[in-house]
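A quick note: this is a predicted structure, and the numbers were derived from the prediction, not measured. Below, chains carry the letters A, B, ... as their sequence lines are ordered, and counting in each starts from 1.
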Amino acid sequence: MSCPIPAGFHALPLPIVQLSLAAVLKCGQSFRWSIFPLSSGPVPPSHPTHEYRLCLRDRVVCLRQSPDTLYYSTVLPTRDQHASSTIFEEEKVRKETLDWIRDYFQLDVDLLHLYNDWSQRDPVFKSFRDRFEGIRMLRQDPWENLISFICSSNNNISRITKMVTSLCEHFSPPLLSLPPPELYSDSSASSLLSPPATPLSERPLSQSQQQEDMSTERSLRTYHPFPSPAALASSSVASILRSLGFGYRAEYVQKTAQMLSEAHPPKSEDDDSAERYLRTLRDMSTGEAREALLGFMGVGRKVADCVLLMSLDKKEVVPVDTHVHQIAMRYYGVSSGSKARSNGKIPMTPKIYDQVNAKLAEVWGDYAGWAHSVLFTADLKSFSTYGLDIPTPVPASSVSDLFTGLPTPPITPSPSPTKSRGKRRKAAVLVPETSISAKEESTDEIIQDDSSLSLAERVKKRRRVTILAKR
DNA sequence: CCTCGACCGCCT
DNA sequence: GGCGGTCGAG
């Protein structure tokens, strides 16, 4: 039994092994997708189970997915009351959205090929690949990506999502409103065959239609684009963000926005030169782009690497967090750095960061950052904590469980730290005997001339010098 | 250079 | 106490 195309949607043939929306849109790359279940009960395996929506600058993109097809539709804001869109215009809009989808999901990249390559390179990857199909890197907007990950420090996906949502609602005007998609079970079983009546065509909603929904539908949801740099740049923003629960990240977000929009001021009302500047980092080397990012407030190595990987096309970059560090020590022969805290945790020093980064880049190759994303998503803790619902044939309760039965490297205790404060060290501290390959520093041309640097880059010049001196 | 504590807020 | 860190002082 095949799945009929939902009303208002268009079909793009796409095997689930190439893209799993359920995994990718909730694994902590983007924090702005709305997710709606399409049924309160069981759904035929050939049918989409959820609808996913994202508000862009000028439209809301809606997606559904079955095992072999991606369904997409576009909702535009209300235009002129009397304007009725022509078939030609609708087709243009559809194509724009399709182009956006291809770019955003980087559909030109053959994920199956990558999975095969990683499996060949790495038995660890091979052992769990089947449980986490279709996990690929999004190509996000750099500005949104940067701000979102400034918010991510010392934080969890759940709260980051709330903060980003709040950011959009408070600093960006509403684009349009929509009711949630109709549930399969809301109407008769026939709804399975001809899904929703919700206005999800390329046709703009009529004003009256929106107003009517506004008064009758309590669950109507309003969509806001991501705010512009200028909207977050004023100094008053910081205190507002504080009151919105951003904590110490409030200053980071506002300062970064200010740095960016002062260095790249809008020439006109509708100019986005600051955002355009960030996009130019795609054309720079990884090293150059990283230095530029490190200049912003609240951006350290980890956040910079996330942005490099997730929106600046630096596919080889592997962001290192505590989870990745643990895994690298346990399975990839990276040393613990010989120092453990009294609570058993290993501090993440710049040196360790580079070691982990270099090792995983070596193991996974050109697309190491993409492989990292699969591994990170595979971290069950994220799943259980944030309610992700990716089907996993083998239930596991921790990352370690994912690797049971592997040809894991031999494990030996690491040498006792000189000052262990009498505390027992945890198993996670154990490291394999495998020798750690000397890190091969990658690439990285260095900018010498100050005058060529943006304001953002100059502000943290001291840090830059420090970091550059390491190379 | 490197190490360390503080930092918001929300959750266990 | 912990969290997919970063900053600034020592």
Provide, to the nearest angstrom, the distance between the CG atom belonging to A:D305 and the P atom belonging to C:dG4.
17 Å

Say whether, by atom type as modelled, one donor and one acceptor occur between the side chain of A:Q254 and the main chain of A:V237 under 3.5 angstrom.
no

Tell me the interatomic distance from A:E251, atom CD, to B:dA6, atom P, rounded to whole angstroms.
19 Å

Whole angstrom is fine here: how far is it from CG in A:L244 over to P in B:dC8?
16 Å

For the pair made of NZ in A:K26 and P in C:dG4, what is the distance, rounded to whole Å?
18 Å

Would you tell me if any nitrogen or oxygen in the side chain of A:R159 comes within less than 4.0 Å of OP1 or OP2 on B:dC11?
no

Counting the atoms with a prime plus P, OP1 and OP2 as sugar-phosphate, which does A:G245 contact under 4.0 Å by heavy atoms, base, sugar-phosphate, or nothing?
sugar-phosphate

Between the base of C:dG5 and the side chain of A:R301, is there a donor and acceptor pair under 3.5 angstrom?
no

Qualifying residue for side chain to side chain contact (heavy atoms under 4.5 Å, CB included) with A:Y332, from A:V363, A:V356, A:V324
A:V363

Hits for side-chain contact (heavy atoms from CB on, under 4.5 Å) against A:N154, two or more places apart or cross-chain, chain-then-number order -> A:Y248, A:R249

Please classify the nucleic acid contact of A:R242 as base, sugar-phosphate, or nothing, using heavy-atom distances under 4.0 Å.
sugar-phosphate

Could you state the atom-to-atom distance from CE of A:M348 to C1' of C:dC7 in whole Å?
18 Å

Which heavy atom of A:T377 sits nearest to which heavy atom of A:F132, and what is that distance?
O-CE2, 4.3 Å

Specify the separation, in whole Å, of atom CG of A:L241 and atom C1' of B:dG9.
14 Å

Contacts of A:Y367 meeting ring pair (Phe, Tyr, Trp, His ring centres under 6.0 Å) (sequence neighbours excluded), chain-then-number -> A:W370

From the candidates C:dG4, C:dT6, B:dC8, the one with an atom nearest any side-chain atom of A:Y252 is C:dT6

From the list B:dT3, B:dC11, C:dC3, which nucleotide is the closest neighbour of the side chain of A:T349?
B:dT3

P gap between B:dC8 and C:dA9, integer Å
15 Å

Nearest atoms (heavy-atom pairs only) where A:M284 meets A:A289:
CE-N, 3.6 Å

Which part of the nucleic acid, if any, lies within contact of A:V320, taking any heavy atom under 4.0 Å across all strands shown: a base, the sugar-phosphate backbone alone, or nothing?
nothing

Expressed in angstrom and rounded to an integer, what is the separation of A:N154 atom CG from B:dG9 atom P?
13 Å

Hey, is the main chain of A:R136 close enough, under 3.5 Å, to the side chain of A:Q29 for a donor-acceptor pair?
yes

Interatomic distance, A:M163 CE vs B:dC8 C1' [rounded to whole Å]
9 Å

Using both pair distances under 3.5 Å as the test, note the stems of at least 3 consecutive Watson-Crick or G-U pairs that include DNA chain B.
B:2-7 with C:5-10, B:9-11 with C:1-3

Presence of donor-acceptor pair under 3.5 Å, side chain of A:Y248 and base of C:dG5:
yes

Charged N to carboxylate O under 4.0 angstrom, A:D122 versus A:K126?
no

Taking the C1' atom of each, how far is C:dG1 from B:dA6, in whole Å?
15 Å

